[in-house]
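Lettering follows sequence order; numbering is per chain, from 1.
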There are 2 protein chains.
Amino acid sequence: MNKHIPLSAGTASSPIYDALRRDLVGGRFAAGEKLAINALKEHYQVGLSPLREALNKLAAYGLLIQENQRGFRVPKLSREELDDIARLRTELEGMALERAIVHGDAVWEADLLAAAHRLKRADVSLDKGEEWERLHTQFHRTLVAPCGSVWLLRFIEQLHDQFDRYRRLGPKMPSIRQELDEQHHQLVELALHRDGKAARALMDDHIHKSYEVALARYQAHA
Amino acid sequence: MNKHIPLSAGTASSPIYDALRRDLVGGRFAAGEKLAINALKEHYQVGLSPLREALNKLAAYGLLIQENQRGFRVPKLSREELDDIARLRTELEGMALERAIVHGDAVWEADLLAAAHRLKRADVSLDKGEEWERLHTQFHRTLVAPCGSVWLLRFIEQLHDQFDRYRRLGPKMPSIRQELDEQHHQLVELALHRDGKAARALMDDHIHKSYEVALARYQAHA
DNA sequence: GTATGGTAAAAAATCGATTATTTTGTCTAA
DNA sequence: TTAGACAAAATAATCGATTTTTTACCATAC
């Protein structure tokens, strides 16, 4: 029986959590903005209690700031933080990738090829690229999945969300996309050939290029 | 004006969060135990709403598991997870320490000496060692504080809490305590001498020794 | 003209009660 | 005797309303 397990198992009670997280990462709220709880309640068509529970979880996750008796606020963006996130992503994702290449089995190889293929085929122009974003996240997740450390994966996912707040500030740039897509396929190649060192080097470069995109968009205000 | 900032700033609204966190890390609840919300409500003398918000935050933080419509549960302990946590702590705390030694200033040196001294002087027999635990956490936090990465510090703190769930399973062992205390002072020495490499090596050893304590206690069931 | 104090409006946090879901216990039928 | 279904109890999740705190505005004094 292939019982279908919900993607974000455990916390599935509130779809509001996923919706809010997506909108926060996607930049649907301005950085520094104070969230009007009543407005959210109406917009997402949800009660106060589930909404507040979702906000609390997101605050603990780092996508919101909770101020003493002053509600919730979208965290400010800063050059320093972007640098911090990118650097740490480089360290942690590189570490995870090397480990994954050691431990990944044949199923992983197949998953990886599938994820890369789906990403390549994704229609960027579809729903404002939302589907591409989902597949992109999924690809990176698949890449490091067999690293053997639940906590490392958790931190990487958290950093990814934070990073994407910067990367997704501006409009799509098809030229850059091309280049990054190429790297995705090279990453798969190196992973399949079990070349951990080279894969890590490429990942460093991949994150650095994404960082430059994110930095440019951040500096263009938005 | 040396205005005192609450330790866990931002989320200060509910002291219930801190109390629960302390009790979870301190092992006041059995691993795998399902939390009876009404009992908690009574025990901590708090309303349902603040309690649920605290539980949600703790679940997002990783000190609780939230199951779909089945409330909250204390995460199970496992050898695999302990290994994972210890290994990652070694990587991240070592990384942070090296960076802190590069960036730390004179104020840091003073803070470090102070933290180490307070830890040494702490009365272990006082309130079931609770005060020692607090100072021990504070010492390690001080050690890596100037590493320059907010996110790295965040992850380290999270791992520390997870690690302590294992380390604090059993009763106090004064003989081991002696040895670890000695290492704390050596760490300060190396930090003051700006010997990043040696400090990191000692930190690796320090975490490994703590790991052996934690593992022994875990294997003694509890 | 600026600063201060007070009042009104807004918003966040919390409470008490209701609703929905899961778990437990019991009874019946194979 | 066991398995299954139903009912009852327990518990989690949610709702609507109340309380508390903050923010905005305005009047008055200096």
Side-chain angles (χ1 to χ4, degrees), chain A residues 1 3-21 23-24 28-76, chain B residues 3-21 23-24 29-76:
Chain A
M1 265 299 287
K3 186 81 180 300
H4 225 269
I5 294 167
L7 288 185
S8 71
T11 165
S13 77
S14 308
I16 179 64
Y17 175 85
D18 294 308
L20 267 171
R21 174 175 154 173
D23 290 347
L24 283 165
R28 216 95 67 220
F29 299 95
E33 175 182 351
K34 195 176 84 176
L35 296 185
I37 297 196
N38 282 333
L40 292 181
K41 189 171 88 117
E42 193 179 324
H43 184 274
Y44 291 99
Q45 285 296 306
V46 74
L48 200 66
S49 306
L51 176 58
R52 282 193 65 87
E53 302 205 348
L55 293 174
N56 272 283
K57 274 188 274 200
L58 288 164
Y61 184 71
L63 279 174
L64 284 177
I65 306 287
Q66 187 170 17
E67 285 166 315
N68 212 332
Q69 310 275 111
R70 251 156 285 177
F72 297 87
R73 183 174 293 281
V74 181
K76 290 246 181 67
Chain B
K3 185 82 178 301
H4 227 267
I5 294 166
L7 287 184
S8 70
T11 167
S13 76
S14 308
I16 180 63
Y17 175 85
D18 293 309
L20 268 171
R21 175 174 154 174
D23 290 347
L24 284 165
F29 299 95
E33 175 182 352
K34 195 176 86 176
L35 295 185
I37 297 194
N38 282 335
L40 292 181
K41 189 173 88 118
E42 193 179 323
H43 184 274
Y44 291 99
Q45 287 294 311
V46 73
L48 200 66
S49 306
L51 177 58
R52 282 193 66 85
E53 302 205 347
L55 293 174
N56 272 283
K57 273 188 275 198
L58 287 164
Y61 184 70
L63 279 175
L64 284 176
I65 307 287
Q66 187 169 19
E67 284 166 315
N68 211 331
Q69 310 275 113
R70 249 156 289 176
F72 296 87
R73 184 173 291 281
V74 181
K76 289 244 181 66

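For the helix from C:dG1-D:dC30 to C:dA30-D:dT1, the angle separating the two terminal helix axes comes to 10°, with each axis derived from five pairs and the value rounded to 10°.
Closest to the side chain of A:L48, out of C:dT14, C:dT21, D:dT14, is C:dT14. Across C:dT14, C:dA13, D:dT14, the shortest atom-to-atom separation from the side chain of A:S49 is found for D:dT14.
Note that CG of B:L35 is 12.0 Å distant from NE2 of B:H43, once rounded to the nearest 0.5 Å. Interatomic distance, A:L58 CG to A:Q66 CD, rounded to the nearest 0.5 Å: 11.0 Å.
Nucleotide D:dA13 holds its C1' atom 15 Å from the CG atom of A:N56, rounded to whole Å. Rounded to whole Å, atom P of C:dA11 lies 16 Å from atom CD of A:E67. Rounded to an integer number of Å, the gap from A:N68 CG to D:dT23 P is 11 Å. Residue A:L64 contributes atom CG, which lies 13 Å from atom P of C:dA12 at whole-angstrom precision. Separating the CD1 atom of B:I65 from the C1' atom of D:dA12 is a distance of 17 Å, rounded to the nearest angstrom. To the nearest angstrom, P of D:dT14 lies 6 Å from CD of B:Q69. When the P atom of C:dA13 is taken as reference, atom CD1 of B:I16 falls 16 Å away, rounded to whole Å.
The stretch residues 28-44 of chain A has no heavy atom under 4.0 angstrom from DNA chain D at all.
In terms of the side chain to side chain donor-acceptor pair (under 3.5 Å) criterion, A:R70 has no residue partners (sequence neighbours excluded). Applying the side-chain contact (heavy atoms from CB on, under 4.5 Å) test to A:K34 and every residue at least two apart in sequence or in another chain returns A:R73. In this structure, the side chain to side chain donor-acceptor pair (under 3.5 Å) partners of A:R21, at least two apart in sequence or on a different chain, are A:E157, A:D161. Residues that satisfy the side chain to side chain donor-acceptor pair (under 3.5 Å) test with A:D23, not counting sequence neighbours, are A:R28, A:Y44.
Of all heavy-atom pairs spanning A:L20 and A:L51, the tightest one is CD1-CD1, 3.9 Å. Taking each heavy atom of B:P75 and B:G62 in turn, the nearest pair found is CG-O, 4.1 Å.
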| field | CA sep, side-chain torsions, deciding dist, call: B:F29, B:L40, side chain to side chain contact (heavy atoms under 4.5 Å, CB included) | value | CA-CA 11 Å; B:F29 299 95; B:L40 292 181; 3.8 Å; yes

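Here A:R52 reaches the OP1 or OP2 of C:dA13: one of its side-chain N or O atoms lies under 4.0 Å away. In terms of phosphate contacts, A:R70 brings no side-chain nitrogen or oxygen within less than 4.0 Å of OP1 or OP2 of C:dA11.
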